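What follows is a short report on a single structure.
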Amino acid sequence: MKILVLNSGSSSIKFQLFDMNASQVLASGMVEQIGESTSQAKLTTHAKEDFSASKPIATHEEALETMNALFAQSGLLNSLSELDAIGHRVVHGGELFSTPTLIDQSVLEGIRGLSALAPLHNPAHVVGIETAIKQSKGVPQVAVFDTAFHRTLPQHAYMYALPYELYESLHVRRYGFHGTSHHFVSKSAAAHLNIPYENFNAISLHLGNGTSATAIQGGKSVDTSMGISPLEGLIMGTRSGDLDPAILFYLHREKGYTIAELDTLLNKQSGLKGICGNNDMREIGLMIDKGDEKATLAFEMFAYRIKKYVGAYSAVLGRVDALIFTGGIGENDSRLRTKVCEGLGNLGISIDTNTNDQRCKVITPIHTQNAPVATLVVPTNEELEIAQQTQAVLVK
Ligand code: AMP
């Protein structure tokens with residue numbers, strides 16, 4: 001069974017082709033800078049053979065045609081109609097979608113209808129899905145939602161303390177994101193520890209350019225740090241995470257910031273970048289080594305915010321079986337993991353410096369021998385999770 005996973009953005013499409021029978025990635029790649037004269041497309045096969053195209057790609061339609069041509073050159077696929085299914089990553093499923101969903105016209109309209117909640121993502125997903133439907137002629141398309149895993153949050157966790165009417169009329173509530181990743185790594189961790197998923201309690205930390213923490217109880221998300229949008233919660237590469245909303249009124253009154261400017265400030269100019277001018281944790285690590293004070297501060301703020309969430313979610317869960325680190329930073333940055341776990345012995349969290357310093361390309365336990373909480377580094381694989389969920393919808 002061949003499944004293509006597509007992640008369509010406004011100017012790029014990421015793709016991965018899976019052979020589900022062999023549990024293998026056949027190829028992965030990306031079309032970038034759609035709509036510009038400098039567009040690029042690249043495909044890398046499992047055997048590390050590269051195929052690329054550099055030419056202006058004006059639309060998503062041309063982007064998929066270019067991807068298709070690269071697949072044909074690689075000999076992996078002659079046409080999208082040879083696929084068994086296409087799985088689409090969709091950021092926002094709102095309150096409409098709580099499971100992976102076979103796409104028909106009404107589902108497409110549902111995703112489009114949620115655009116006000118995810119203006120940067122959902123409209124681009126709709127264009128990607130419509131184009132894929134057109135070009136793959138009858139191949140089933142499945143939407144896998146980043147919010148779906150968090151649809152089990154209890155109401156006391158997802159409500160904001162705003163007038164209730166705003167929830168009823170405008171659906172203002174916490175939705176949470178990175179659900180595909182939290183679900184994938186928590187299932188993998190439970191299997192690794194031989195704990196049935198429905199009994200598994202964990203705190204999952206997805207630490208990449210975007211960052212979020214999730215409390216998982218009995219295999220279900222019961223709280224998560226991102227909110228109505230991916231802006232709330234932990235400090236991120238360029239996003240502020242939690243702050244006092246009164247700062248926005250203050251900036252508006254004192255400096256005349258508009259809504260659009262505040263949006264850019266909080267989403268693109270804040271977080272690690274806002275504090276030390278860099279949002280790449282590898283480079284921040286090098287800056288710290290050279291004694292850069294702002295980089296050190298950014299790193300300490302980043303770790304401190306995570307630690308606060310670990311404490312809060314330990315209280316939410318009562319019993320924690322595992323603390324999970326994933327994402328580019330969570331999987332690779334041992335210094336950050338040490339900083340987060342420092343002093344958490346009273347919560348049962350204690351990590352072994354030797355194992356923590358190893359490179360963790362597979363699930364790696366990094367806790368000390370008798371620690372009550374297993375601390376695990378679990379490489380995430382959102383595309384594989386999307387492919388598996390897509391397959392599960394088809395065989396239902
Ligand atoms: P992601 O969004 O999951 O791809 O993660 C991106 C983040 O992971 C960036 O901040 C990278 O600097 C960081 N990252 C990737 N590799 C490493 C590494 N070896 N050490 C520290 N941070 C890393």
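Note that ligands are numbered from 1 as they come in the structure, with each ligand's atoms numbered from 1 the same way. Nothing here was measured: the structure is a model prediction, and the numbers come from that model.
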Would you say ligand 1 has an N or O under 3.5 Å from any N or O of Arg282?
-> yes
Could you tell me whether Asp280 and Arg282 have a side-chain N and a carboxylate O separated by less than 4.0 Å?
-> yes
To the nearest 0.1 Å, how far is atom 12 (O) of ligand 1 from its closest protein heavy atom, and which atom is that?
-> Asp280 OD1, 2.5 Å
Ring centroid separation His150 to Tyr175 under 6.0 Å = no
Purely on distance, is any nitrogen or oxygen of Gly210 under 3.5 Å from one on ligand 1?
-> no
Ring centres of Tyr164 and Tyr167 under 6.0 Å apart?
-> yes
Flag, side chain of His125 to backbone of Gly9, donor-acceptor distance under 3.5 Å | no
Near Asp333 (heavy-atom distance under 4.0 Å), the atoms of ligand 1 are 21 (C)
Looking only at non-hydrogen atoms, the one of Gly330, Ser181, Gly208 nearest atom 1 (P) of ligand 1 is Gly208
Option of least heavy-atom distance to atom 7 (C) of ligand 1 (set: Ile329, Leu336, Ile284) = Ile329
Atom 14 (N) of ligand 1: the protein heavy-atom neighbour that sits closest, reported with distance to 0.1 Å | Gly328 O, 3.6 Å
Given the protein's heavy atoms, is any one of them under 4.0 Å from atom 4 (O) of ligand 1?
-> no
What residue and atom, counting heavy atoms only, is the protein's closest point to atom 18 (C) of ligand 1, and at what distance?
-> Asn332 CB, 3.2 Å
Residues Glu232, Arg174: salt bridge by 4.0 Å N-O rule | yes
Note: Lys308-Asp242 ion pair, threshold 4.0 Å (strictly below) = no
State yes or no: are the ring centers of His178 and Phe149 separated by less than 6.0 Å?
-> no
If you measure from each heavy atom of Asn279 to ligand 1, is any distance below 4.0 Å?
-> yes
Purely on distance, is any nitrogen or oxygen of Asn209 under 3.5 Å from one on ligand 1?
-> yes
Could you tell me whether Met281 and ligand 1 have an N or O pair separated by under 3.5 Å?
-> yes
salt_bridge(Lys134, Glu61) N-O dist < 4.0 Å | yes
